[in-house]
Amino acid sequence: MPTLTRWLIKTALLYFVASLLLGVVLAAKDAFGLAPSLAGLVPVYFHLLMVGWVTQLIFGVAFWMFPRYSKEKPRGREGLAWAMYASLNAGLLLRAIAEPMHSGAPSAFWAAVLVVSALLQWSAGLMFVANMWKRIREK
C-alpha cells in the first residue's frame, strides 16, 4: 500500500472518530439544552464526516487501486498527490476553526478564512482529478 494511501486512510479514520464525537456533542446539546452557540458546529460535523472521512477515504483507495499511470510513475505525480493531501486537510481544519467562530461572532476576517478554506478544498479536488484523469482508461 502506498505511503500516501496509508496517510489518507488513517487521517480519514481520525476524522471519522472526530465527526462521531462531534455528533454526540450535538445530540447532547439538543437533549440537554446546552449552549445554543454550539449550533455553529453543525456544518463542521458534516464537513468532518463528508470531506474528512468519506472523501479522504475515497481519495486514498482510488490513489492505491486505480490502474497504473505508467511503469515509471505508477500513481501519477506523487508530489501533486501530496499537495492535494495537504490542501484538503488544511482547508478542512481551517473550516473546523472558522465555521463556529464566524457563527458565534460574524466578521469579515472569519468570512475570509471560510473562503480560503473552501478554496483549499476545491483546489485539492482539482489536484485529485488532474492526477487521476489519465489513470481512468479502457484496458
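Starting from 1, each residue takes its place in the sequence as its number.
- Residues meeting the side-chain hydrogen bond (donor to acceptor under 3.5 Å, both in side chains) test with Tyr85, sequence neighbours left out: Thr11.
- Residue pairs that meet the salt bridge (Lys or Arg N to Asp or Glu O under 4.0 Å) test with at least one member in residues 79-91, sequence neighbours left out, do not exist here.
- Within the structure, the ring pair (Phe, Tyr, Trp, His ring centres under 6.0 Å) test picks out no pair touching residues 93-123 (sequence neighbours left out).
- Two residues are said to be in side-chain contact when any heavy atoms from C-beta on lie closer than 4.5 Å; Glu78 and Phe63 meet this criterion.
- Listed by first and then second residue, the salt bridge (Lys or Arg N to Asp or Glu O under 4.0 Å) pairs involving residues 87-112 are Arg95-Glu99 (not counting sequence neighbours).
- Using a 4.5 Å heavy-atom cutoff, the side chains of Leu13 and Trp53 are in contact.
- Residue Leu14 shares its hydrophobic cluster (ILVMFWY side chains chained together at separations under 4.5 Å) with no other residue.
- Partners of Arg6 by side-chain hydrogen bond (donor to acceptor under 3.5 Å, both in side chains), not counting sequence neighbours, listed by chain and number: Thr3.
- Here Val54 pairs with Met50, Ile58 under the side chain to side chain contact (heavy atoms under 4.5 Å, CB included) rule; sequence neighbours left out.
- Pro2 and Trp64 get closest at one heavy-atom pair: CD-CD1, 3.3 Å.
- Side-chain contact between Val61 and Thr5 is absent, with no heavy atoms from C-beta onward closer than 4.5 Å.
- Using a 4.5 Å cut-off on side-chain heavy atoms (C-beta onward), Leu120 and Leu88 make no contact.
- Closest approach of Gly40 and Pro43 over heavy atoms only: O-CD, 3.4 Å.
- When each of Leu21, Val44, Val42 is tested with Leu26 by the rule side-chain contact (heavy atoms from CB on, under 4.5 Å), just one qualifies, namely Val42.
- Side-chain atoms of Asn89 and Gln56, non-hydrogen and from C-beta on, do get closer than 4.5 Å to each other.
- Partners of Ala86 by side chain to side chain contact (heavy atoms under 4.5 Å, CB included), not counting sequence neighbours: none found.
- Leu80 has its side chain out of reach of Phe128: every pair of non-hydrogen atoms, C-beta onward, lies at least 4.5 Å apart.
- With hydrogens and angles ignored, the 3.5 Å screen pairs no side-chain donor or acceptor of Ser117 with any backbone N or O of Leu94.
- A search for side-chain hydrogen bond (donor to acceptor under 3.5 Å, both in side chains) contacts involving Ser87 returns Ser123, not counting sequence neighbours.
- Between Arg135 atom CZ and Lys73 atom NZ the span is 13.0 Å, to the nearest 0.5 Å.
- Among residue pairs with one or both ends in residues 44-63, none qualify as salt bridge (Lys or Arg N to Asp or Glu O under 4.0 Å); sequence neighbours excluded.
- Legend: residues meeting side-chain hydrogen bond (donor to acceptor under 3.5 Å, both in side chains) with Gln121, ordered by chain and number and at least two apart, are absent.
- The main-chain N or O of Arg77 is found under 3.5 Å from a side-chain atom of Asn131 such that the two form a donor-acceptor pair.
- Put simply, the side chain of Phe66 does not reach to within 4.5 Å of the side chain of Arg75, judged on heavy atoms.
- Qualifying side chain to side chain contact (heavy atoms under 4.5 Å, CB included) partners for Thr55, counting only residues two or more places apart in sequence or in other chains: Phe59.
- Distance check: Ser19 OG to Leu48 CG gives 6.0 Å after rounding to the nearest 0.5 Å.
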